[in-house]
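Okay, so here's the structure we're looking at.
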Amino acid sequence: MRPNTYRRFTRIAATPMLAAALSFSLLGCQAPGGPGESLAVDPNDPCQNERTAFAGSRTYFQDQIVSGAVTGAAVGAGMGALAGLAHGGNLKSALIGGAVGGVVGGAAGAGNAYYNTLAERASDQNELAVNMSQDLARESQEIDHTAVTFGRLRACRFAQARFLKNQVRSHALDRSIALTTLTYERGRFEEELRIAHEFGLTMAHRGQQFQEAANDLKTRPPVNGQGAPIAKASPAKVAQVNRAASVSVPEKRASLDKNVASADHNGKAAF
């Protein structure tokens with residue numbers, strides 16, 4: 001239930017317009033559906049801008065990386081602006097427990113398909129490694145985007161909860177109205193936590209594919225898509241891809257995992 005009185009209250013949190021604009025620039029480039037699709041719009045929700053920006057990650061995080069192989073060039077414009085954003089928060093540990101086994105298992109072979117797609121387009125393994133590095137850099141930026149927008153959304157929800165409680169304490173708001181509104185806020189936040197968990201599962205799935213492809217770059221014979229020999233990638237380029245796939249991107253996912261788990265824990269007290 002959405003309280004009609006909500007629009008009277010002062011909006012607390014700042015609007016991340018840059019993140020929202022960049023998220024929506026991707027909408028025409030990927031198929032609809034996936035995590036975030038179910039986050040309904042409510043113009044009376046004081047955190048709607050943050051919610052919309054967070055949901056925008058659905059336009060990037062699909063299950064298979066191969067469909068966007070070679071840097072996601074069709075949706076690359078403007079994403080460099082996200083590179084400097086702070087990042088925080090990824091998947092709740094409890095969710096990872098039993099689910100990731102199946103998710104990661106399903107990724108087996110997808111990384112090979114991704115590698116094969118790059119090999120078909122590259123003149124040699126150096127070019128293949130550069131393209132893979134660019135895709136991993138893009139993955140890192142998109143994880144940053146998800147972390148930043150989730151952090152702003154979480155802050156907005158908690159600020160609204162504090163505001164409502166303070167209004168009741170100062171006798172500026174009827175207790176029954178505040179309880180109804182807090183119930184609404186809690187419901188929205190629980191939806192958002194669920195989507196954050198789904199994003200995390202998809203990130204883990206994609207991460208397994210990248211690691212598989214990085215291993216292919218290191219171990220497979222240097223041939224193109226037709227099986228013809230090509231120049232082998234330099235050790236430095238192979239190491240760069242391996243570090244991004246095995247260390248840098250997983251570390252960002254782990255940070256996001258911790259922040260989502262923390263938000264889940266703190267939300268029980270906030271509402």
Side-chain angles (χ1 to χ4, degrees), residues 1-28 30-61 78 82 85-86 88-89 92 142 144-200 202 256 259-271:
M1 177 179 179
R2 172 178 52 81
N4 293 329
T5 56
Y6 224 21
R7 299 192 69 158
R8 291 183 293 167
F9 298 138
T10 303
R11 194 178 183 286
I12 308 271
T15 300
M17 294 305 294
L18 171 63
L22 290 173
S23 300
F24 282 114
S25 72
L26 310 179
L27 285 175
Q30 302 227 6
E37 187 68 18
S38 62
L39 288 177
V41 173
D42 179 358
N44 291 323
D45 181 354
C47 297
Q48 184 57 46
N49 287 334
E50 288 82 0
R51 183 178 168 100
T52 299
F54 170 64
S57 289
R58 71 174 180 268
T59 61
Y60 181 81
F61 286 111
L82 291 174
L85 291 177
K92 188 180 177 183
E142 293 289 346
D144 283 346
H145 170 265
T146 303
V148 168
T149 55
F150 178 76
R152 288 171 174 163
L153 179 56
R154 174 191 58 199
C156 183
R157 292 292 178 212
F158 289 178
Q160 291 299 320
R162 288 194 300 271
F163 173 73
L164 288 165
K165 290 177 180 179
N166 288 336
Q167 289 286 291
V168 172
R169 291 188 188 104
S170 64
H171 305 289
L173 180 66
D174 183 79
R175 182 178 178 83
S176 63
I177 294 175
L179 287 174
T180 299
T181 308
L182 275 172
T183 299
Y184 168 82
E185 283 285 344
R186 182 173 62 248
R188 302 285 275 187
F189 187 60
E190 287 173 353
E191 290 175 357
E192 291 148 7
L193 282 171
R194 177 176 55 79
I195 297 303
H197 297 327
E198 291 180 10
F199 281 149
T202 303
L256 182 56
N259 283 352
V260 172
S262 174
D264 192 0
H265 175 77
N266 293 336
K268 293 176 173 60
F271 300 106

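Just the heavy atoms: all of them, side chains too, but no hydrogens, waters or symmetry mates, feed the values below.
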Open item on the list: How long is the straight-line distance from OH of Y184 back to CD of Q160, given to the nearest 0.5 Å?
Closed with: 10.0 Å
- [ ] Quick one: pull up CG in L39 and OG in S57 and give me the separation to the nearest 0.5 Å.
- [x] 10.5 Å
TODO: List the atom of D264, the atom of H197, and the distance in Å for their closest heavy-atom pair.
DONE: OD2-NE2, 4.2 Å
- [ ] Grab the two heavy atoms, one from C156 and one from P46, that are nearest each other, plus how far apart they are.
- [x] SG-O, 4.0 Å
Task: CG on L182 to CZ on F163, rounded to 0.5 Å - done: 11.5 Å
Open item on the list: Quick check on salt bridge (charged side-chain N to carboxylate O under 4.0 Å, His left out): which of R157, K165, R51 does E185 satisfy it with?
Closed with: R157
TODO: Kindly give the heavy-atom pair with the smallest separation between F189 and R154, and that separation in Å.
DONE: CE1-CA, 4.2 Å
Task: Side-chain donor/acceptor of Q48 to backbone N/O of D42, under 3.5 Å - done: yes
TODO: Answer yes when R194 and E190 have at least one side-chain N-carboxylate O distance shorter than 4.0 Å, and no when they do not.
DONE: no
Task: Atom pair CG/CG of L193 and L153 - distance to nearest 0.5 Å - done: 9.0 Å
Open item on the list: Among residues at least two apart in sequence or on other chains, which ones pass side-chain contact (heavy atoms from CB on, under 4.5 Å) with A270?
Closed with: F158
TODO: Run the numbers on F54 and I195 for side-chain contact (heavy atoms from CB on, under 4.5 Å), then give the verdict.
DONE: CA-CA 9 Å; F54 170 64; I195 297 303; 3.9 Å; yes
Open item on the list: Go through it in stages, so that I can follow the logic: the residues are Q167 and L164, the test is side-chain contact (heavy atoms from CB on, under 4.5 Å), and I'd like the CA-CA distance, side-chain angles, deciding distance and then a yes or no.
Closed with: CA-CA 5 Å; Q167 289 286 291; L164 288 165; 5.6 Å; no
TODO: Could you tell me which residues satisfy side-chain hydrogen bond (donor to acceptor under 3.5 Å, both in side chains) with R169, sequence neighbours excluded, listed by chain and number?
DONE: N166
Task: Which atom of A196 lies closest to which atom of F150, heavy atoms considered - done: CB-CE1, 4.0 Å
Task: Sequence-distant partners of D174, side-chain contact (heavy atoms from CB on, under 4.5 Å), two or more places apart - done: S176, I177
